[in-house]
Amino acid sequence: MTSSPSPPGYLAPVSHHPSGVVPRTPPRRLAALLRCCHPEPALAVTVFVTALAVAAGHRVAGAAAVGTAVLAGQLSVGWCNDAADARRDTVCGRTDKPVAEGRLPARAVAVAAWTALVLCVPLSLLSGPGAAAAHLTGVAAGWGYNMRLKHTPLSPLPYAVGFASLPVFVTLGLPRPVWPVWWVVAAGALLGMGAHLVNVLPDIEDDLATGVRGLPQRLGRTACRWLAPSVMLAAVGVVVAGPPGPAGTGGLCLAVVAGAVAVAGTATAAGRGSRWPFRAAMVVAGLAVVRLLGSGAELV
Ligand SMILES: CC(C)=CCC/C(C)=C/CC/C(C)=C/COP(=O)(O)OP(=O)(O)O
């Protein structure tokens, strides 16, 4: 077992699994590759941001450009993460990581990450240079997390930057580019930090054993179980209270439901290996986006 936070395992040319077993059939390798991209959050982020783009006033082509750029960015960050973590995931015997199971060489995942990153640049530029700069800053933050910052107390920072960049990408990409209102950006940053806390929860012991010491690992499981729903709730509070005028019954109901889901996700099902905190966080993020969709015209 190694306690070194680096170097990234993506440089290795073959599978890290002791057996070195790599399936030869292309469909199986493709399925394994897709599992490496963190498909659940990648899909959720893409759907949420595309919906936000429609609510903010993008036409079909504009929303499609936003959606494909976000998908490319999320794929690149997700694959980069599994490539960089290959050695540690193998040491921990992670059964949810195809590279650690010997189903795919780390190098293939690294190539996919770089390919998606390269594609992300022109796809982001379809929304204009300012919007592209915002989105690529967020994607760079994700790579920064994977390569270095996840080992430091600053680990929530790239999540905050990455998720805050998304509404900026959407509104700077409008036919008449404009900055989003502050509370949408703040909500994005809070949702990102909440996502970080719930994503780390299931593997906190494995992370500590392999020398990964980001902020959640330093705080410990118990603190994260309470901090995660608090941060997610703060995000919902911002989207409910942010728009001018009273929140209304709908807003208050949404806040109550989101609060119940966020607390249930970590308070009752946060055992080792549980994915429920993360799924609960995605439901909370979805509710926040639903609220944002209702205030589409007020995003700018
Ligand atoms: C534009 C935008 C939204 C950018 C994203 C910002 C960002 C920091 C993303 C991190 C994504 C990721 C794959 C985390 C896995 O973390 P992990 O290695 O701690 O978890 P794991 O063990 O489950 O792979």
Side-chain angles (χ1 to χ4, degrees), residues 5 8-10 35-49 52 66 69-100 109 112-113 116-117 120 123-124 131-152 154-170 185 188-189 191-217 224 272-275 277-279 281 285:
Y10 71 97
R35 275 180 61 209
C36 292
C37 76
H38 297 69
E40 286 180 48
L43 196 63
V45 170
T46 303
V47 169
F48 292 162
V49 179
L52 200 61
V66 167
V70 169
L71 180 61
Q74 293 304 298
L75 290 175
S76 83
V77 173
W79 278 323
C80 165
N81 180 271
D82 267 24
D85 287 349
R87 282 185 203 284
R88 276 186 297 275
D89 291 341
T90 305
V91 166
C92 294
R94 297 260 313 240
T95 52
D96 57 335
K97 301 287 182 185
V99 176
V109 186
L117 182 65
C120 184
L123 288 171
S124 299
H135 185 228
L136 294 173
T137 300
V139 173
W143 278 65
Y145 170 84
N146 294 335
M147 307 308 288
R148 178 70 202 140
L149 291 171
K150 69 181 278 183
H151 303 284
T152 77
L154 292 178
S155 61
L157 185 65
Y159 273 89
V161 171
F163 283 80
S165 78
L166 295 172
V168 183
F169 177 44
V170 166
V185 181
L191 285 173
M193 290 192 281
H196 177 37
L197 292 166
V198 293
N199 188 48
V200 168
L201 259 181
D203 330 311
I204 241 172
E205 288 79 11
D206 287 347
D207 284 344
L208 288 170
T210 50
V212 178
R213 287 177 55 76
L215 188 67
Q217 292 90 351
C224 288
R272 190 172 179 174
S274 168
R275 292 303 293 163
F278 194 75
R279 294 194 176 123

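Atom set for the values below is all heavy atoms of this structure, side chains included, hydrogens, waters and symmetry mates excluded. Whatever order the structure lists ligands and atoms in, that order sets their numbers, starting from 1.
With hydrogens left out, the protein atom closest to atom 15 (C) of ligand 1 is Asn81 ND2, 3.3 Å, a heavy atom. For atom 7 (C) of ligand 1, the closest heavy atom belonging to the protein is Gly142 CA, 3.7 Å. In terms of protein heavy-atom proximity, atom 1 (C) of ligand 1 is closest to Gly162 O, 3.5 Å. Counting only heavy atoms of the protein, atom 19 (O) of ligand 1 lies nearest to Tyr145 OH, 2.8 Å. For atom 21 (P) of ligand 1, the nearest protein heavy atom (residue, atom name, distance) is Lys97 NZ, 3.7 Å. Scanning the protein for heavy atoms near atom 11 (C) of ligand 1, the closest one is Val77 CG1, 3.7 Å. Scanning the protein heavy atoms around atom 23 (O) of ligand 1, the nearest turns out to be Arg94 NH2, 3.6 Å. For atom 4 (C) of ligand 1, the nearest non-hydrogen atom of the protein is Gly138 O, 3.5 Å.
The distance from the CG atom of Leu215 to the SG atom of Cys224 is 7.5 Å, given to the nearest 0.5 Å. Rounded to the nearest 0.5 angstrom, Thr152 OG1 and Arg213 CZ are separated by 11.5 Å. Note that OG of Ser76 is 10.0 Å distant from CG of Leu71, once rounded to the nearest 0.5 Å. Separating the CG atom in Asp203 from the CG atom in Asp89 is a distance of 8.0 Å, to the nearest 0.5 Å.
Not counting sequence neighbours, the partners of Tyr159 by the ring-ring contact (aromatic ring centres under 6.0 Å, His included) test are Tyr145, His196.
Of the heavy atoms in Val45, none comes closer than 4.0 Å to ligand 1. Contact annotation: for Leu166 versus ligand 1, heavy atoms closer than 4.0 Å belong to the side chain alone. Here Asp89 has no heavy atoms under 4.0 Å from ligand 1, in either its backbone or its side chain. Both the backbone and the side chain of Tyr159 come within contact range of ligand 1, each with a heavy atom under 4.0 Å. Contact annotation for Asn199 and ligand 1: only side-chain heavy atoms (C-beta onward) come within less than 4.0 Å of the ligand. When heavy-atom distances to ligand 1 are checked against a 4.0 Å cut-off, His196 has no atom that comes that close, whether in backbone or side chain.
Backbone and side-chain nitrogen or oxygen atoms of His38 are examined, and one is located within less than 3.5 angstrom of a nitrogen or oxygen of ligand 1. Looking at ligand 1, you won't find any N or O of Asp82 less than 3.5 Å from one of its N or O atoms. Checking only distances, Lys150 does come within under 3.5 Å of ligand 1, N or O to N or O. Taking only nitrogen or oxygen atoms, main chain and side chain alike, Gln74 does not reach within less than 3.5 Å of ligand 1.
For ligand 1 and Asp85, the ligand atoms under 4.0 Å from any heavy atom of the residue are 18 (O). For ligand 1 and Asp203, the ligand atoms under 4.0 Å from any heavy atom of the residue are 22 (O), 23 (O).
Smallest separation of non-hydrogen atoms from Val91 and Thr210: CG1-CG2, 4.2 Å. Shown here for Met147 and Cys80, the closest heavy-atom pair between the two residues is SD-SG, 3.9 Å. Pairing each heavy atom of Asp207 with each of Val200, the nearest pair is OD2-CG1, 3.9 Å. Residues Trp143 and Ala113 come closest through the heavy atom pair CZ2-O, 3.7 Å. Taking every heavy atom of both residues into account, Val109 and Val99 meet most closely at CG2-CG2, 3.6 Å.
Using a cutoff of 4.0 Å between basic side-chain nitrogens and carboxylate oxygens, Lys150 and Asp85 are scored as salt-bridged.
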What pairs of donor and acceptor atoms, side-chain ones from residues 37-44 against any protein atom, are under 3.5 angstrom apart with sequence neighbours left out?
residue: His38; atom: ND1; partner: Cys36; partner atom: O; Å: 3.4
residue: His38; atom: ND1; partner: Gly78; partner atom: O; Å: 3.3
residue: His38; atom: NE2; partner: Asn81; partner atom: OD1; Å: 3.3
residue: His38; atom: NE2; partner: Lys97; partner atom: NZ; Å: 3.3
residue: Glu40; atom: OE1; partner: Arg279; partner atom: NE; Å: 3.3
residue: Glu40; atom: OE2; partner: Arg279; partner atom: NH2; Å: 3.2

